[in-house]
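Here is the structure we will look at, set down as structure tokens.
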2 protein chains.
Amino acid sequence: MTAKNPAQALDNQLCFTVYSMAHAFNRAYRTILAPFDLTYPQYLVLIVLWAEDGLSVREIGAKLFLDSGTLTPLLKRLEAQGYVRRARDKADERQVRISLTDEGRALQERASGVPQEIGCTLGMAGDEYRALLGQLADLRGRLQAYEPQAIQEDEPG
Amino acid sequence: MTAKNPAQALDNQLCFTVYSMAHAFNRAYRTILAPFDLTYPQYLVLIVLWAEDGLSVREIGAKLFLDSGTLTPLLKRLEAQGYVRRARDKADERQVRISLTDEGRALQERASGVPQEIGCTLGMAGDEYRALLGQLADLRGRLQAYEPQAIQEDEPG
DNA sequence: TGGAAATGAATTGCGCGCAATTGATAAATC
DNA sequence: GATTTATCAATTGCGCGCAATTCATTTCCA
């Protein structure tokens, strides 16, 4: 630990912890979702649609913080797998509405064990879980509100 | 909120919060690191090297939880930018040692304002920050210890 | 010592994730 | 009503992130 700037030390960085935790989650989900031939982002889209079917690409993106550049190819894959249908909105042809197929709806039951599977991996008490969740959502909000500003170079901490 | 399985609801999911927070961090870093032509993973590699120069690809990967499939092209880009050198270890030619160039070392000073820039964005007290950090690192450990096991389908919660 | 096993990096293939652009449709403005 | 502006999805390009494979080198050990 001979870093001149302690703030740059890796172990102390919240961002790195979140970054590496996201990857750890992703790897765990990869295994758990393998029987359904789903990736974690695809599973997230299905969770959204199970709660409310027939959303537009934009509406799905708003819930998941993703844009069309990510969602369009992802949704095409879900369509190719037979889980969703993509169709232009009759009233507003700019929008594409995503609706579940029978197979997509049936998947909700088939995959109902997934959250428990992940939950067991974490092994947290309910209160602890909810407190952590609140803190993280709060942090995410502050990050998303981040307004880019010029950074001064050569300004030793 | 008509989901049959409440555990599948999006807002309650710790994994989704971590997932979307990681992206929020990434977007914030994209702006902050733009003046240095660095991505966040590239910046992480430099932090590791600033602490300990001359590590092998494998050693860097162990610290960042990344493998050669990710690191090799990333390190080639850092080399192309003139921040690091890649050279086979004389004693063990299987390993490739990564060492900072003068420019790579100088970057540590130039980028010394980055952690503060991110920290301001978060706006947390020190104690709160450390407690959160500890919880997350603990969770990451449990996730990384996850042993894949078969999932039973059709098991309504 | 010679062959099998292990190790380390590189490569391939695929799916995100996002900035930037394009093209089509709808809404706003004059 | 024609033109400008805004909105939405799709596309392009690039950099991860990781599983799986390949190739070279080293270690193990019989």
Side-chain angles (χ1 to χ4, degrees), chain A residues 16 19-31 33-34 36-45 55-62 64-81 84 86-98 143-144 146 148, chain B residues 16 19-31 33-34 36-45 55-62 64-81 84 86-98 143-144 146 148:
Chain A
F16 173 69
Y19 162 88
S20 53
M21 238 191 97
H23 293 162
F25 264 124
N26 202 41
R27 281 189 289 268
Y29 267 109
R30 186 184 312 270
T31 305
L33 293 175
F36 312 107
D37 275 312
L38 288 176
T39 65
Y40 180 59
Q42 289 166 7
Y43 174 67
L44 286 178
V45 167
L55 294 174
S56 70
V57 173
R58 174 150 190 64
E59 289 167 328
I60 295 172
L64 298 179
F65 309 107
L66 296 173
D67 69 356
S68 69
T70 300
L71 285 175
T72 295
L74 187 157
L75 290 167
K76 284 182 177 175
R77 274 172 224 119
L78 281 181
E79 187 181 37
Q81 290 182 265
V84 305
R86 298 161 61 249
R88 290 277 165 186
D89 187 307
K90 291 275 196 293
D92 183 346
E93 294 220 338
R94 290 172 302 182
Q95 299 183 43
V96 169
R97 302 242 154 242
I98 311 298
L143 274 173
Q144 285 169 342
Y146 174 70
Chain B
F16 173 68
Y19 162 88
S20 53
M21 239 191 96
H23 293 162
F25 264 124
N26 202 43
R27 281 190 288 268
Y29 268 109
R30 186 185 311 271
T31 305
L33 293 175
F36 312 108
D37 275 313
L38 287 176
T39 65
Y40 180 59
Q42 289 167 5
Y43 174 67
L44 286 178
V45 167
L55 293 175
S56 70
V57 173
R58 173 151 192 60
E59 288 167 330
I60 294 172
L64 299 179
F65 308 106
L66 296 173
D67 69 356
S68 68
T70 300
L71 286 174
T72 296
L74 187 156
L75 290 166
K76 284 182 177 175
R77 274 173 225 120
L78 282 180
E79 186 181 39
Q81 290 182 265
V84 306
R86 299 161 61 249
R88 290 278 166 185
D89 187 306
K90 291 276 196 292
D92 184 348
E93 293 219 337
R94 291 172 302 182
Q95 299 183 43
V96 169
R97 302 242 153 243
I98 311 298
L143 274 173
Q144 285 170 342
Y146 174 70

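Each chain gets a letter, A, B and so on, in the order the sequences are listed, and its residues count up from 1.
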Pick from A:Leu78, A:Leu55, A:Leu75: which one makes a side-chain contact (heavy atoms from CB on, under 4.5 Å) with A:Ile98?
A:Leu75
Atom CD of B:Gln95 to atom P of C:dA6: distance rounded to whole Å?
18 Å
How many angstroms lie between OG1 in A:Thr39 and CZ in A:Arg77, if you round to the nearest 0.5 Å?
8.0 Å
Sub-4.5 Å side-chain heavy-atom contact between A:Leu74 and A:Pro41
yes
Provide, to the nearest angstrom, the distance between the CG atom belonging to B:Leu75 and the P atom belonging to C:dT11.
12 Å
List the steps and the verdict of side chain to side chain contact (heavy atoms under 4.5 Å, CB included) for B:Lys90 and B:Arg97.
CA-CA 10 Å; B:Lys90 291 276 196 292; B:Arg97 302 242 153 243; over 6 Å; no
Whole-Å distance, A:Asp89 CG to C:dT25 P, equals 13 Å
Does B:Thr72 contact C:dA9 through a side-chain donor or acceptor facing the base, at a distance under 3.5 Å?
no
For a side chain to side chain contact (heavy atoms under 4.5 Å, CB included) check, start with the C-alpha distance between A:Thr70 and A:Asp67, then their side-chain angles and the critical distance, and finish with the verdict.
CA-CA 6 Å; A:Thr70 300; A:Asp67 69 356; 3.5 Å; yes
Between atom CZ in A:Arg94 and atom P in C:dT25, what is the gap in whole Å?
11 Å
Pick the closest DNA chain D nucleotide for A:Leu71 and for B:Tyr40 by heavy atoms, then say which residue is nearer the 5' end.
A:Leu71
If you apply the rule side chain to side chain contact (heavy atoms under 4.5 Å, CB included), what do you find for A:Met21 with B:Met21, and how did you get there?
CA-CA 10 Å; A:Met21 238 191 97; B:Met21 239 191 96; over 6 Å; no
Bend angle of the helix from C:dT1-D:dA30 to C:dC30-D:dG1, from helix axes over five pairs at each end, nearest 10°
10°
How far apart are the C-alpha atoms of A:Phe16 and B:Phe25, what are their side-chain angles, what is the distance that settles it, and do they pass the side chain to side chain contact (heavy atoms under 4.5 Å, CB included) test?
CA-CA 9 Å; A:Phe16 173 69; B:Phe25 264 124; over 6 Å; no
Categorize B:Arg86 for me: base, sugar-phosphate, or nothing, with a 4.0 angstrom heavy-atom threshold over every strand shown.
sugar-phosphate
Of all heavy-atom pairs between A:Leu44 and B:Tyr19, which one has the smallest distance, and what is that distance?
CD1-CE2, 3.5 Å
Give the minimum heavy-atom separation between A:Arg86 and A:Thr72, together with the two atoms involved.
NH2-CG2, 4.5 Å
Contact class for A:Ala22 (heavy atom, under 4.0 Å): base, sugar-phosphate, or nothing?
nothing
If each of A:Tyr19 and A:Gly69 is mapped to the nucleotide of DNA chain D with the nearest heavy atom, which maps nearer the 5' terminus, i.e. the 5' end?
A:Gly69
Walk along DNA chain D from 5' to 3' and tell me the first and last nucleotide with an atom closer than 4.0 Å to a non-hydrogen atom of chain B.
D:dG15 to D:dT26
By nearest heavy atom, map A:Arg77 and A:Asp92 onto DNA chain C; which one lands nearer the 5' end?
A:Arg77
Euclidean distance, atom CG of residue B:Leu74 to atom C1' of C:dA9 [Å, nearest integer]:
15 Å
Which is true for A:Thr39 with a 4.0 Å heavy-atom rule: it touches a base, it touches only sugar-phosphate, or it touches nothing?
sugar-phosphate
